[in-house]
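The block underneath contains the structure these notes are about, expressed in structure tokens.
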There are 4 protein chains.
Amino acid sequence: MQLGVIGLGRMGQIVVDRVLAAGHDVVAFDLDDEAVAAAAEAGADPADSIDDLCEQLEGTKRIWLMVPAGAAVDATLEELEPHLEADDIVVDGGNSKFQDSVRRAESCPAAYLDCGTSGGPAGAELGFSLMVGGPEAAYAELEPIFDAVATGPDGHGHMGPAGSGHYVKMVHNGVEYALMQAYGEGFELLHEGRYDLDLENVSRVWNNGAVIRSWLLELCEEAFREEGTDLGDVADRVEGGSTGTWTVQEGLEQEVPVPLIYTALAERFGSRADEGRFSRRLASRLRYGFGRHEVPREE
Amino acid sequence: MQLGVIGLGRMGQIVVDRVLAAGHDVVAFDLDDEAVAAAAEAGADPADSIDDLCEQLEGTKRIWLMVPAGAAVDATLEELEPHLEADDIVVDGGNSKFQDSVRRAESCPAAYLDCGTSGGPAGAELGFSLMVGGPEAAYAELEPIFDAVATGPDGHGHMGPAGSGHYVKMVHNGVEYALMQAYGEGFELLHEGRYDLDLENVSRVWNNGAVIRSWLLELCEEAFREEGTDLGDVADRVEGGSTGTWTVQEGLEQEVPVPLIYTALAERFGSRADEGRFSRRLASRLRYGFGRHEVPREE
Amino acid sequence: MQLGVIGLGRMGQIVVDRVLAAGHDVVAFDLDDEAVAAAAEAGADPADSIDDLCEQLEGTKRIWLMVPAGAAVDATLEELEPHLEADDIVVDGGNSKFQDSVRRAESCPAAYLDCGTSGGPAGAELGFSLMVGGPEAAYAELEPIFDAVATGPDGHGHMGPAGSGHYVKMVHNGVEYALMQAYGEGFELLHEGRYDLDLENVSRVWNNGAVIRSWLLELCEEAFREEGTDLGDVADRVEGGSTGTWTVQEGLEQEVPVPLIYTALAERFGSRADEGRFSRRLASRLRYGFGRHEVPREE
Amino acid sequence: MQLGVIGLGRMGQIVVDRVLAAGHDVVAFDLDDEAVAAAAEAGADPADSIDDLCEQLEGTKRIWLMVPAGAAVDATLEELEPHLEADDIVVDGGNSKFQDSVRRAESCPAAYLDCGTSGGPAGAELGFSLMVGGPEAAYAELEPIFDAVATGPDGHGHMGPAGSGHYVKMVHNGVEYALMQAYGEGFELLHEGRYDLDLENVSRVWNNGAVIRSWLLELCEEAFREEGTDLGDVADRVEGGSTGTWTVQEGLEQEVPVPLIYTALAERFGSRADEGRFSRRLASRLRYGFGRHEVPREE
């Protein structure tokens, strides 16, 4: 099968490599010439523009977008549009907001698949987990490609109609925030608690047979091994938050409580409050108000 | 009525003043001679020891303890014990753990009343809210004293058997933590949000007729008036926490969820984590683990 | 001063009564003829249409809308629009979303004031708390009206530009959710805990001098007096939630954590999950998965 | 090596089987004769009393307790005590409170190892995760046994001094509660949300390559496969909670916030509030108090 790939960043390059390794053909394009050259060296046919890429694709076009979520997806689709026909298939493998995917599916002349992708750079060897939304026939036609990009046939699935792939990925990420914070609470208690523990040792033992074993816990073990049991100079500041925010917003709209996901997200916000949390400053001052407790002041 | 008062700190002095103002007699003792002198100047009979205080009390003894919760209460009771008989009444007006009050009530030769006291220094003028546990007859006998120390007859009540007064006070304080944090969240959102608001103005308007008006909100208004709308140099550090901790512990034992009280307490703990929250540092490192996101480092 | 009032439900009628009582003139309209008749009986000039109301207003028009938030406000403004000039003033006293108020302020030919109103039916006697956003000159011109509708001059204030009045009211309501839930946690612990307590008694004592005294606590006292200490047949189901949802959404956009407000809102959602919480059903099944604990089943 | 095993329930039997399979000798005792007979059939030497078991152990005694946490452990230790000498080793492989283990280690005449065990019945094939506290020399001496009971050498570790094994296991379980609830929130949102999703399909795809893949997620997949995507008649009621409660209590003592673990535990409590949550009933009534919103009543 021949696949066009647009967007050759870390994740796009992995897609190219895995599709080539499975014996398919790839036409590759990126705004960055060096990324295109790297893909060519790996065995892809280089394209120097979206027009060029479309011309190199023979028969019905199958195109995988791996560009940053947001405006870049819309810009790419706009350029693709004149080349697309109803039989063609476009896959958005990025981290798009599911509402955007629903909108794009409606206006795209080709079949449009929204594909949530999880696994990160580690997917280069293992393959990704792919959650796909959109027309079932288009999904079925691309199965050989999904087999190659995913961990295999079990690593991808058709979730439902347009948007459902990115919807499931959004919720995946919300859960991810909560899992990270849950492990973090446990390790914080072990770190601050009454024993002097080697957290790499703890996580190693847990990863071998304990109920809470997981890939994230393997990453904890790796973190303690590489940074030390006190995490060295890693700062108390957690960036990111868009997919978690979307998950909580969807929970509000559906009236579904997601307090753990909310709390994990709020910890990120709190970690970025550089001048301290106003709520706590007020609480401190109120303790003076009713009890004449001394007010801690910034020096 | 004649009342012995042991413990003449800020709160004990207010008890003395209010009881005297209501026309009763007071014999006052404190380990600090100056505090005793101040009470004497206010009209109390000074005592230079607990023995002396007991000797000055005529007939059945009524004694109000206003000493720091914990060991000081036990030490005082131990000294009092040889002087006490079954008809006497001892009131613990401090912030004791209710389990301690149950234990003390069992071993005290006199009737023992545990009296939760709320209102802080502002109670000097208004009177306090008094939640009283212990034998009902003893409570009834002391009503004239409670009328004087409280805001009046409505400001005190008999809650139930031994320990119930401090139990209700413990829960009062747990709620207090949550209320402070709830107002804090609202003002934080107003402060960080999209309008440039005068928070003294906001709280003044709210305090006049709004559903959330309260004494704590009046203290917020005062805080913004005195510190400025951005709370000046008040630090993000909230001290205290014992009664809140007891409340959450009781919730665990009774299997009653108190998530707002817990969260308010956890904010205090978090405000005192001087080296940052370990859980957030781990989350930050894990984002590198699965997504190669840059790790923020301490400089 | 002459004021047109559109919308004569419970709250609108109170506005009419208070403005009349302060010696002003009112022209009143509602889609419901009986409501107009009631207003007329109270001393207002009745109008049988918005056109009629506008014609009865002399000189620059001052009009107070007290219609349900949402489409009704837009529909009323559309009808008003041909009658409005730049010198006129329209007040939206309802519970509108602040973003809607910003939009309406931009398109309204008259000066537009968004006025958050708190106090509920109890405001009939006490007056309301009014948080007003929009042009300062318009606010100043209407001060006599605000004095009448509010508890007095202290019961209203100019918050800032368009939308800020409803913004502050939105946050007020978010805090209100959290305060209610905080008191609820305390009383739940007292109710389920180890003493047999009279909760009307507890709340009465707290309302007299305790740190957590408030109007909401007075309403708790009233509730226990009227329903009994176990709240009789009041169901575990909390309706409402729009302003709380908006508050959390704004917290997400501003990256300000509001965990107490979120939790209080989530409790409402949870109370309406008629078929049980899916998350808990899954947890129950997982306990079988890893520990062979028996799974509770619906009968 | 020869090992005495006391307690032949599901977990104890697995210990016996795995130790025998590794080529060691086992002397087995349980109060239930049938359990002893089953162990004998598997190849263990049966004992008909603790005395008998001790007599059958040659040289220094190594004894593994797998009895229910609490009084049963103390009762067993009391019976063992006359037989124990300083060179002997006792392992408590149950779910004991770490404070109990510290106390027992102090009074036990033999070396005492507290061994947190995770993995549940699935450990029969895979082996367990073993977190061991107590004297390092005793741990080292028993390594062949731990190799057999655990997944292998990586599945066990020496955590630190007495109590640390059960301490780490306690925190493990606290994290476990939070992870279960985190997955539960995600699946609840997917179940109640805007797509009609097959949750077995979702969890299968996630388990193959996604960041949140884990053993608990495999158990979710199994649950959806066996119960259906809506979990059939599984009830909204989560039993258990002791280790989670201990974890939160330890967080309170160490002043370490564990809001996700707390929330997960509180969900369990809430799921067992058969007459509804009092806090929500009060909130519902308060909405009438300030806004005259209709009160939902039980029929």
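In what follows, chains are A, B, ... by sequence order, proteins preceding strands, each numbered from 1. Because the structure is a prediction, the values reported are computed rather than measured.
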The residue among A:Phe224, A:Tyr183, A:Phe187 that forms ring-ring contact (aromatic ring centres under 6.0 Å, His included) with A:Trp206 is A:Phe187

Counting heavy-atom pairs under 4.5 angstrom with chain B, the leader among A:Glu222, A:Glu267, A:Arg237 is A:Glu267

Most heavy-atom pairs under 4.5 Å with chain B, out of A:Ala283, A:Ser271, A:Gly232, A:Gly119, belong to A:Ser271

Of B:Glu299, B:His293, B:Arg268, the largest count of non-hydrogen pairs under 4.5 angstrom with chain A goes to B:Arg268

message = Can a side-chain donor-acceptor contact be found between B:Asn173 and B:Thr243 if the only test is distance below 3.5 angstrom?
response = yes

Turns out that what part of A:Glu176 lies under 4.5 Å from chain B's heavy atoms comes down to side chain

Honestly, the part of A:Tyr177 sitting under 4.5 Å from a heavy atom of chain B is neither

So, the part of B:Ala122 with a heavy atom under 4.5 Å from chain A: the answer is neither

Okay, A:Leu216 and chain B: the region with an atom under 4.5 Å from a heavy atom over there is both

Donor-acceptor pair between B:Glu221 and B:Ser203 side chains, under 3.5 angstrom: no

Donor-acceptor pair between A:Ser96 and A:Asp100 side chains, under 3.5 angstrom:
no

Counting heavy-atom pairs under 4.5 angstrom with chain B, the leader among A:Ser118, A:Gly240, A:Ala235 is A:Ala235

Heaviest contributor of heavy-atom pairs below 4.5 Å to chain B, chosen from A:Met11, A:Glu298, A:Arg297, is A:Arg297

Pair count under 4.5 Å, heavy atoms only, with chain A: among B:Glu185, B:Glu227, B:Gln181, highest is B:Glu227

- Can you tell me if A:Arg204 and A:Asn207 form a side-chain donor-acceptor pair at under 3.5 Å? no

Note: vs chain B, highest number of non-hydrogen pairs under 4.5 angstrom among A:Arg10, A:Arg287, A:Glu226, A:Met180 is A:Arg287

- Message: Would you say B:Glu200 and B:Thr229 are linked by a side-chain donor-acceptor pair, where the criterion is simply a distance under 3.5 Å?
- Response: no

query = Any donor and acceptor pair, going by atom type alone, linking the side chain of B:Arg272 with main-chain N or O of B:Val238 inside 3.5 Å?
reply = yes

In terms of heavy-atom pairs under 4.5 Å with chain A, the winner among B:Gly289, B:Gly276, B:Pro296 is B:Pro296

Interface check, chain A: of B:Ala273, B:Gly184, B:Ala264, most non-hydrogen pairs under 4.5 Å belong to B:Gly184

For the backbone of B:Gly94 and the side chain of B:His166, can you confirm whether one donor and one acceptor N or O come within less than 3.5 Å of each other? yes

>> Students often mix this up, so state it plainly: with edges at 30° and 60°, are the rings of B:Phe278 and A:His191 parallel, tilted or perpendicular?
In response: parallel

Take A:Val168 and A:Phe98, measure what side-chain contact (heavy atoms from CB on, under 4.5 Å) needs, and give me the verdict at the end.
-> CA-CA 9 Å; A:Val168 172; A:Phe98 78 92; over 6 Å; no

Applying a strict 4.5 Å limit to non-hydrogen atoms, the region of A:Leu190 in contact with chain B is neither

Keeping B:Thr263 on the side-chain end and B:Pro259 on the backbone end, is there a donor-acceptor pair under 3.5 Å? yes

Applying a strict 4.5 Å limit to non-hydrogen atoms, the region of A:Val234 in contact with chain B is both

Applying a strict 4.5 Å limit to non-hydrogen atoms, the region of A:Ala223 in contact with chain B is both

Heaviest contributor of heavy-atom pairs below 4.5 Å to chain B, chosen from A:Phe290, A:Trp215, A:Tyr288, is A:Phe290

